[in-house]
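Have a look at the structure below, then the notes.
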Amino acid sequence: MRYRIPADYKHTRSTPFWDQNTVPKALLTHHNTKKGVYGRLSVMRGAVKYMGFNAEHEAMPEWEVTISAGQFGVSPPEYWHRIELLTADTYFNLDFFAAPGSEREEERGAQRVNSPR
């Protein structure tokens, strides 16, 4: 994809790995990343089609890209998008990154401090 996560952004969380049976339905419909948060989609097996939209109710994607096994794609903050799993064996996850000092980054620190060990 054409977006890069700024170097000073901090990793805040990772999702589990999903396949065609466990992928959250919300990812297959229009959704967006939160303000100040980048998402990184990493494909371990198979392929995912990522479609980006100019607005929430747009039917035609502004652009689309196929992310294959061993590749990743980045979704910028507040950008409308959705995905399609292109193969039956697709296996992928998401990582999220927030600006240092942002509310999202501070939540990460609080979770780390309050987590049982």
Distance-only criterion, 3.5 Å: show the donor-acceptor pairs between side-chain atoms of residues 39-49 and protein atoms not counting sequence neighbours.
{"unit_1": "Arg40", "atom_1": "NH2", "unit_2": "Asp95", "atom_2": "OD2", "d": "3.2"}
{"unit_1": "Arg45", "atom_1": "NE", "unit_2": "Asp89", "atom_2": "O", "d": "2.9"}

Met51: hydrophobic cluster co-members (side-chain, 4.5 Å): Phe53, Trp80
Members besides Leu86 in its Ile/Leu/Val/Met/Phe/Trp/Tyr cluster (side-chain heavy atoms under 4.5 Å):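 In the cluster with Leu86 there is nothing else; it is isolated.
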Are any of the side-chain heavy atoms of [X] and [Y] separated by less than 4.5 Å?
X     : Y     : value
Phe17 : Thr22 : no
Thr33 : Ser75 : yes
Asn32 : Tyr79 : no
Arg82 : Thr29 : no
Val23 : Phe92 : yes

Residues that Glu78 engages under salt bridge (charged side-chain N to carboxylate O under 4.0 Å, His left out), provided they are two or more places apart: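 Not a single residue meets the salt bridge (charged side-chain N to carboxylate O under 4.0 Å, His left out) criterion with Glu78.
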Ile5 CD1 to Phe97 CZ distance, which is reported to the nearest 0.5 Å: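 Reported value, rounded in 0.5 Å steps: 4.5 Å.
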Leu27 side, atom CG; Leu94 side, atom CG - distance, nearest 0.5 Å: 6.0 Å
Ring geometry between Tyr9 and Tyr38 (parallel below 30°, tilted from 30 to 60°, perpendicular above 60°): perpendicular
Leu28-Trp63 co-clustered via ILVMFWY side chain contacts under 4.5 Å: yes
Smallest separation among heavy atoms of Gly36 and Pro77, with atom names: N-CB, 3.5 Å
Minimum-distance pair of heavy atoms, taken over all atoms of Ala98 and Thr12: CB-CG2, 3.8 Å
Quick check against the 3.5 Å criterion: does [X] have a side-chain atom that pairs as donor or acceptor with the backbone of [Y]?
X     : Y     : value
Gln71 : Ser68 : yes
His31 : His81 : yes
Thr15 : Asn93 : no

Centroid separation Tyr91 to Trp18 less than 6.0 Å: no
By side chain to side chain donor-acceptor pair (under 3.5 Å) - contacts of Thr90 (at least two apart): Thr87
Contacts of type side chain to side chain contact (heavy atoms under 4.5 Å, CB included), residue Asp8, not counting sequence neighbours: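 For Asp8 the side chain to side chain contact (heavy atoms under 4.5 Å, CB included) partners, ignoring immediate neighbours, are Pro6, Pro100.
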